[in-house]
Protein chains: 2
Amino acid sequence: MLSISPKSQNMRRTKEEAEQTRNAILEAAVDVFTEKGVARATLEQIAKAANVTRGAVYWHFKNKTDIFMALHDELHRPFIQDLVDGLENTGDDPLQSLKSYCIELITRLEDDLYLRRVLSLFLLKCDYTGSLQVCQERTIDARREKSEVLSKFFEKAQSRGTLSADLDPKTLTLALSCFIRGIAMEYLENPDSFSIREEAPKLFNVFFRKWN
Amino acid sequence: MLSISPKSQNMRRTKEEAEQTRNAILEAAVDVFTEKGVARATLEQIAKAANVTRGAVYWHFKNKTDIFMALHDELHRPFIQDLVDGLENTGDDPLQSLKSYCIELITRLEDDLYLRRVLSLFLLKCDYTGSLQVCQERTIDARREKSEVLSKFFEKAQSRGTLSADLDPKTLTLALSCFIRGIAMEYLENPDSFSIREEAPKLFNVFFRKWN
DNA sequence: TTTAAAATACATTCATGTATGTATGTTGTC
DNA sequence: GACAACATACATACATGAATGTATTTTAAA
């Protein structure tokens, strides 16, 4: 929703202003993508939403895929990284802090409207066929890293005796990943069907119940 | 992959044969949708894959959305109904039979290639914006029904004392729904990342662990 | 003969990409 | 520090292709 400075038409921008238009285009793209879906979204619509012409869009980006990938790089990747970083500083009770972190993470979906829009965009408003396929391939590394961090969590809990040794950390990691993803999708698809603030603690209580 | 009978070009079909071409178009649509994604799929591609021209396609269907909705009706809805039906006949141990059913259901994803393709189509290869929005709205009823059946399962388990009374059946239902969905998506997205046959029992062992 | 089940032909729309124009910022040079 | 030379940041105009929907025609079944 950043609108560029009200200079008269066709005036050359400074580097700063150019950066602003670039951001304006990206933000407009989030809006248009979310409303119309990535596939049906038009560069014309994006340009109009950003108060520029398609010329500006083509100056900053190669095409629609390029815009999507820029968004993916600037928003999706940092989100996962943020997630991994948050998991690094473990407390004295690994399972408990993991659970708290999951609840906190999911609860953000209800509070942070922008995060919700962006995540909804990447999870619901696009399909990763064709030219967008490379995007999800790029996140493979991030996902693997995330899995490894989670696994270490469970291993740590086992070594401290707070988690039964007959449970495979790999399985628990997979289970938790699926669980989180399912919750996110279910909520994003229909945010009014339940309150995350109320349900998230209950849900993860179920998941983390009686494992020791 | 049904190819129509090898009569010479442009021959009028009987009612049966017309029904065959309709099915051929639908099957071709599954293939093309899955490969290209619904949005990027072309009626020309679908027609070619079904060994007919676009004329035949437009004879049987109004447009691409109409094809998708036909597939949705003929494949997605029955799948959920099948799921609900399978849950109706409860054994003496509700939780145990529910767990078995979940494992069986998820395991079908590995065995039934066609099911995998279809589910992948509806979960991964399309976004429900624009004209496809009505499709998911139509499944709301089916989903609600599914949730009610699951809830009754947990209530039954509670009344038989095999499930702790302090767990809310509603929460458990939501949790299980999210869990199943997450597993399905994770597997469909990358079927080679893990073997469902091996992991499904473990995963649901985790979920259904020590609830009594 | 009529009509269902297509094939074929045609018109139109629409998004894309590119080419070009243009005014201004920027930078080196004297 | 003024000014030329160039680059940048767009807007505008245009060409193209591709997909769509419809109109017309063809063939054989009923």
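Below, read A as the first sequence line, B as the second, and so on, with proteins coming before strands; counting in each chain starts at 1. Quick caveat, the model's predicted, so the values are computed rather than measured.
For A:Lys36 and C:dA15, the NZ to C1' distance is 14 Å, given to the nearest whole Å. Atom CD of A:Gln45 is separated from atom P of C:dA15 by 7 Å (rounded to the nearest Å). Across the protein-nucleic acid pair, B:Leu43 atom CG and C:dA6 atom P stand 16 Å apart, rounded to whole Å. Distance B:Ile46 CD1 to D:dG21 C1': 15 Å, rounded to the nearest Å. With rounding to whole Å, A:Glu44 atom CD is found 17 Å from C:dT13 atom P. Distance, A:Lys48 NZ to D:dA11 P: 13 Å, rounded to whole Å. In this structure, CD of A:Gln20 is placed 15 Å from C1' of D:dC10, rounded to the nearest angstrom. Distance A:Asn23 CG to D:dA9 C1': 15 Å, rounded to the nearest Å.
Under the side chain to side chain contact (heavy atoms under 4.5 Å, CB included) criterion, B:Lys99 pairs with B:Gln96, B:Ile103, B:Phe204, B:Asn205, B:Phe208, not counting sequence neighbours. Every residue meeting the salt bridge (Lys or Arg N to Asp or Glu O under 4.0 Å) condition with A:Asp111, not counting sequence neighbours, appears here in chain and number order: A:Arg197. For the salt bridge (Lys or Arg N to Asp or Glu O under 4.0 Å) test, residues two or more places apart in sequence or in another chain that qualify with A:Arg117 are A:Asp31. Scanning for salt bridge (Lys or Arg N to Asp or Glu O under 4.0 Å) contacts around B:Arg144 gives B:Asp141, B:Glu148, with sequence neighbours left out.
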Atom pairs, protein N/O to nucleotides 16-18 of chain D N/O, distance under 3.5 Å:
none

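A heavy atom closer than 4.0 Å to some atom of DNA chain D occurs in B:Tyr58, B:Asn63, these being the qualifying members of residues 58-70 of chain B.
Comment: A:Lys170 does not engage A:Glu155 in a salt bridge, judged by the lack of any side-chain N to carboxylate O separation of less than 4.0 angstrom. Between A:Lys202 and A:Glu198, no side-chain nitrogen of the basic residue sits less than 4.0 Å from a carboxylate oxygen of the acidic one, so the salt-bridge criterion is not met.
A sub-4.0 Å separation between OP1 or OP2 of C:dA6 and a side-chain N or O of B:Thr21 is present.
Nearest to the side chain of B:Ala18, among C:dA7, C:dA5, D:dA9, sits C:dA5.
Among residue pairs with one or both ends in residues 127-138 of chain B, those qualifying as salt bridge (charged side-chain N to carboxylate O under 4.0 Å, His left out) are B:Asp73-B:Arg138; sequence neighbours excluded. For residues 118-145 of chain B, the ring pair (Phe, Tyr, Trp, His ring centres under 6.0 Å) pairs, not counting sequence neighbours, are B:Phe68-B:Phe122, B:His72-B:Phe122, B:His76-B:Phe122. The salt bridge (charged side-chain N to carboxylate O under 4.0 Å, His left out) pairs that include a residue from residues 56-67 of chain A number zero, where partners must be two or more places apart or lie in different chains.
Position along DNA chain C of the nearest nucleotide to A:Gly55 versus B:Arg54 favours B:Arg54 as the more 5'-ward residue.
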